[in-house]
Structure formats: C-alpha cells, structure tokens
Amino acid sequence: MKVFILAALVAVVASQGYPKPQYPKPQYPKPQYPAPAYPAPAYPAPAYPTPAYKAPAYPAPAYPSPAYAETPEYAPMPYNFNWAVKDDPSYNDYAHQETADDKGYVTGSYRTLLPDGRTQIVDYKADDYTGYVADVKYTGEAKEYKPAYKPAGYPSPAYPSPAYSAPKYPTPAYSAPKYPSPAYPSPAYPSPKYPTKY
C-alpha cells in the first residue's frame, strides 16, 4: 500500500514538470594590454665627402690672322660723256652730262621732264673731300597731268563669210512591200430544219 501511494506522488510531481533554470549571462571585462613602449631608432645622418672636380683647362685656339692682298690703287681716269632722249609721243625728255679730271673731281648735270610739265635740273659735283653735292632747281609751270590718250587706229578685222554648200542627200527609193491577199474558205453550215407547226 505504501508503495502504491509513493508511486502516485511521484506521478503527480512528474506531471507538474520542473522549472527551467535561469543562469545569469557571464560578463567578462575587456582585456587591457599595456601599449608597448619601443624607443624610436636614431640613425646618424650619413656624411658624404664633397667631390672636388677640377675645371678642364682648354688651350685658347690660335687662328692665324688672314692675310689679304692689298688692293692696288689706280690714278683717276679722266672722262667725259653726255646723252639725251626726246620723244614727244611718249613724253620722254631727259639728258645727262658728266665730266671727271685726273684728280677725281667730278661735275655734271641731268634734267628730266616731270609729269606736271616742269623740268627738273640737277647740277652736282663730287670729290674725295666734300663728297656729293647737288643743286636742284625746276623750270616751267606745274600743270595738271592729263595724258592725251590716242587709241591706236587698228582696222576692224574683216573675216570672209563662210560659204557652205547645202548637202545633197539622194532620195531613198524603197519598193512598197506586196503582201498576198488571204484566201479563207467559206464555211459550209447545214440549213437548219424546224419542226412543222400543227
């Protein structure tokens, strides 16, 4: 009987179940490691000796001075010339005259007809001491330049009229084609026979 009662109690307790145990969450402190203290390495700066180069010494080139042949000096040669041009249709009117002695003294003059109708006259002299000295003067009265243009009288070209003969083509002679008349046989149809009326 005692065994029966004990079994019943065990059955009742087993039917009620055991509460689930609750354990607190473990909290672990974060590990703290001391920072390593390494001394910074100190390297001595390298000392390189400064190179000493000697500047190259080039000998100065020695070029011989060119030897030019002396230009021979000739004594002045006396001369005298003059010329002139006068052509009214082309409005060309000018002249030149010059004289030199055996000492190099040159004198001369030239004149030119200008487009405005005046004449320019230049008297000059030249030597080795005073150089070229000119005296310029004008004669006449300046006028408006209006060249008288005259067209050249060329005859009008006379070209002969071309004379072409009309081409003559022979009349073509074609014979008319002759076609035979078609002969069709007359159709022979039997006369229709109608029934006699009653």
Side-chain angles (χ1 to χ4, degrees), residues 40-179:
Y43 302 103
Y48 301 104
T50 304
Y53 300 106
K54 293 183 179 180
Y58 301 104
Y63 301 105
S65 299
Y68 300 103
E70 294 183 0
T71 303
E73 295 183 1
Y74 300 99
M77 183 66 65
Y79 63 86
N80 183 11
F81 73 84
N82 62 80
W83 53 266
V85 174
K86 185 173 178 59
D87 184 52
D88 293 337
S90 62
Y91 299 94
N92 286 316
D93 185 3
Y94 48 89
H96 188 189
Q97 179 272 331
E98 186 174 292
T99 302
D101 59 11
D102 57 354
K103 295 181 178 59
Y105 185 75
V106 180
T107 59
S109 66
Y110 61 87
R111 62 176 177 81
T112 305
L113 178 63
L114 302 178
D116 60 4
R118 296 179 300 166
T119 300
Q120 181 188 53
I121 302 174
V122 180
D123 296 324
Y124 62 89
K125 60 182 179 179
D127 56 27
D128 295 336
Y129 302 100
T130 59
Y132 180 83
V133 180
D135 179 24
V136 183
K137 56 187 176 181
Y138 299 89
T139 62
E141 184 180 355
K143 299 178 182 179
E144 185 179 359
Y145 176 64
K146 292 182 179 180
Y149 173 73
K150 295 181 181 180
Y154 297 107
S156 299
Y159 302 104
S161 300
Y164 300 106
S165 57
K168 296 180 180 180
Y169 302 103
T171 303
Y174 300 106
S175 56
K178 296 180 180 181
Y179 302 103

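Nothing fancy with the numbering, it's 1 onward along the sequence.
- Using a 4.5 Å cut-off on side-chain heavy atoms (C-beta onward), Tyr138 and Val136 make contact.
- From Thr99, atom OG1 reaches atom CG of Asn80 across 3.5 Å, with rounding to the nearest 0.5 Å.
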Checking Lys86 against Asp88 for the salt bridge (Lys or Arg N to Asp or Glu O under 4.0 Å) test, could you report, in this order, the C-alpha distance in whole Å, the side-chain angles of both residues, the deciding distance, and whether it holds? CA-CA 6 Å; Lys86 185 173 178 59; Asp88 293 337; 3.6 Å; yes
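- Minimum interatomic distance between Asp101 and Pro76 (heavy atoms only, all atoms of both residues): O-CB, 4.0 Å.
- Between Phe81 and His96, the ring-plane angle classifies as perpendicular under the 30° and 60° cut-offs.
- For the pair Asp127 and Lys103, the minimum side-chain heavy-atom distance is 4.5 Å or more.
- Comment: Arg118 engages Asp116 in a salt bridge, judged by a side-chain N to carboxylate O separation of less than 4.0 angstrom.
- Summarising the geometry, atom CD1 belonging to Ile121 is positioned 5.5 Å from atom NZ belonging to Lys137; distances are rounded to the nearest 0.5 Å.
- Contact annotation: the side chain of Val122 never approaches that of Arg111 to less than 4.5 Å [non-hydrogen atoms, C-beta and beyond].
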Should Thr119 and Leu114 be marked as a side chain to side chain contact (heavy atoms under 4.5 Å, CB included) after you check the CA-CA gap, both sets of side-chain angles, and the distance that decides it? CA-CA 6 Å; Thr119 300; Leu114 302 178; over 6 Å; no
After noting the C-alpha distance and the side-chain angles of Gln120 and Leu113, does the key distance pass the side chain to side chain contact (heavy atoms under 4.5 Å, CB included) rule? CA-CA 6 Å; Gln120 181 188 53; Leu113 178 63; over 6 Å; no
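- No more than 12 heavy atoms of other residues, nucleotides or ligands lie within 6.0 Å of OH in Tyr129, so this atom counts as exposed by the packing criterion.
- The ring of Tyr110 has its center no closer than 6.0 angstrom to the ring center of Tyr94.
- Under the 4.5 Å side-chain criterion, counting only non-hydrogen atoms from C-beta, Tyr124 is in contact with Glu98.
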